[in-house]
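The block underneath contains the structure these notes are about, expressed in structure tokens.
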Amino acid sequence: MTSEEVRRIAINTGGGDAPGLNAVIRAAVLSADRRGWEVLGIHHGYAGLLDTSKIETLDLKSVRGITHLGGTILGTANKGNPFEMPMKLPEGSMTEMDRSDEVVENFKRLGLDALIAIGGDGSMRIAQKFQDKGIPIVGVPKTIDNDLAGTVATFGFDTATSVATDAVGRLHSTAEAHERVFTVEVMGRYAGWIALSCAIAGGADVALIPEIPFDIDIVCRKIMSREARGRRFSIVVVAEGARPAGGDMVTQGPKELGREVLLGGIGVQVARQIEEGTGKETRNLVLGHLQRGGTPTARDRVLALGFGAAAVRVIAAGESGVMVALDPPDVKTVPLSVATSRLKTVPLESDIVCTARDIGLCLGDE
Ligand code: F6P
């Protein structure tokens, strides 16, 4: 399909929100408008193509003044994969149902030429399946976790890292005043990008990440060696996916049907073990969704606006089945299959890990 043949496109935001979603929407709508295309906003991820009652036309007025706003004007959901929709059976038990054909029918009925799907790895996997069913899709990589393959960065990560860095920085004074240890549990799911980055930038003493299983004795030794040098406080950043060598990740309960298992709880466990191992008073702080809230950083805004505009250029060029991706200094495309082929975790030999070790940040393994 050429640029002249495109009449109407749609856009949705799926998975956990990330600062910058509204900037992508604004750039996509402005770029589409310049080409004379109509844009429909689909609410609450792919679920909005099942119940189409809330679909709205996005015009220049709808996206005025939203670049700096967190959240998403379209709402989002991290339940609601149309290929595995949770459904209650008459006897009360839950099952999953494939309703993807209804989405395809509605897409055609609405006269749509392409869909811009903004999301993380889960949304890109769904995008790939709909592309295979005939819906032309261009993905936009969003997640604070920065774990999508094929792109150097996802938008949202810089903001989350800045919030976490600020928190680690602020903890220094109270930790020092009380001669305490603080554990700070940060998000990131199975990747340690946020934890490692905020620990380095915020001057923490220990960073525990999923990629490097930790030994609590090594962590305690690091704290006591600081103590011996008169540094009677320590800050330990703990990724929510961190786990002890030979142990498991801590979850907030069993996996619910239709959504990923929720990680969380390792921070307080590490705090208790540090208290036992060092005798030092230890407090735990869980940063949680603060990392996703509020205004995106300038870097995330520029990245998100770039992704939104690029997605429209990709559609205009007749391409689909791809995700826009940062390949500095440009935004390029990668096949959706590349984006979903693996999770981009922190490579053990990478520069960021070497930097951490060189500046004396303990990673719990040596
Ligand atoms: O993927 C983004 C993320 O914030 C993860 O870092 C975290 O594990 C998860 O989402 C939390 O999900 P929810 O918003 O459902 O609590």
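Fair warning: this is a prediction, and the values are worked out from it, not measured in the lab. For ligands, and for the atoms within them, numbers begin at 1 and follow the listed sequence.
Taking the six-membered ring wherever Trp is involved, the centroid distance between the rings of Phe107 and Phe130 does not fall below 6.0 Å.
At a 3.5 angstrom cut-off on N or O pairs, Gly188 counts as close to ligand 1.
Residues Asp132 and Gln128 bring a donor and an acceptor atom of their side chains to less than 3.5 Å of each other.
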Evaluate the side chain to side chain contact (heavy atoms under 4.5 Å, CB included) criterion for residues Lys280 and Glu227: first the C-alpha distance (whole Å), next the side-chain angles of each, then the deciding distance (0.1 Å), finally the verdict.
CA-CA 10 Å; Lys280 284 196 67 71; Glu227 191 85 0; 3.2 Å; yes
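Checked against Arg301 for a side chain to side chain donor-acceptor pair (under 3.5 Å), the options Thr159, Thr67, Thr295 give a single hit: Thr295.
When only non-hydrogen protein atoms are considered, atom 15 (O) of ligand 1 lies nearest to Arg259 NH2, 3.0 Å. Taking atom 9 (C) of ligand 1 as the reference point, the nearest protein heavy-atom neighbour is Arg189 NH2, 3.5 Å. Closest protein heavy atom to atom 2 (C) of ligand 1: Asp145 OD2, 3.3 Å. What sits closest to atom 11 (C) of ligand 1 on the protein, heavy atoms only, is Arg292 NH1, 3.7 Å.
Side-chain heavy atoms closer than 4.5 Å link hydrophobic residues (I, L, V, M, F, W, Y) into clusters, and following such links, even through other members, never connects Ile55 to Ile118.
For ligand 1, the atoms lying closer than 4.0 Å to a non-hydrogen atom of Glu240 are 5 (C), 6 (O), 7 (C), 8 (O). Near Ile144, with a cut-off below 4.0 Å to any heavy atom, the atoms of ligand 1 are 4 (O).
Proximity of His289 to ligand 1 is established by a heavy-atom distance of less than 4.0 Å. Contact analysis leaves Leu263 out of contact with ligand 1, as no non-hydrogen atom separation drops below 4.0 angstrom.
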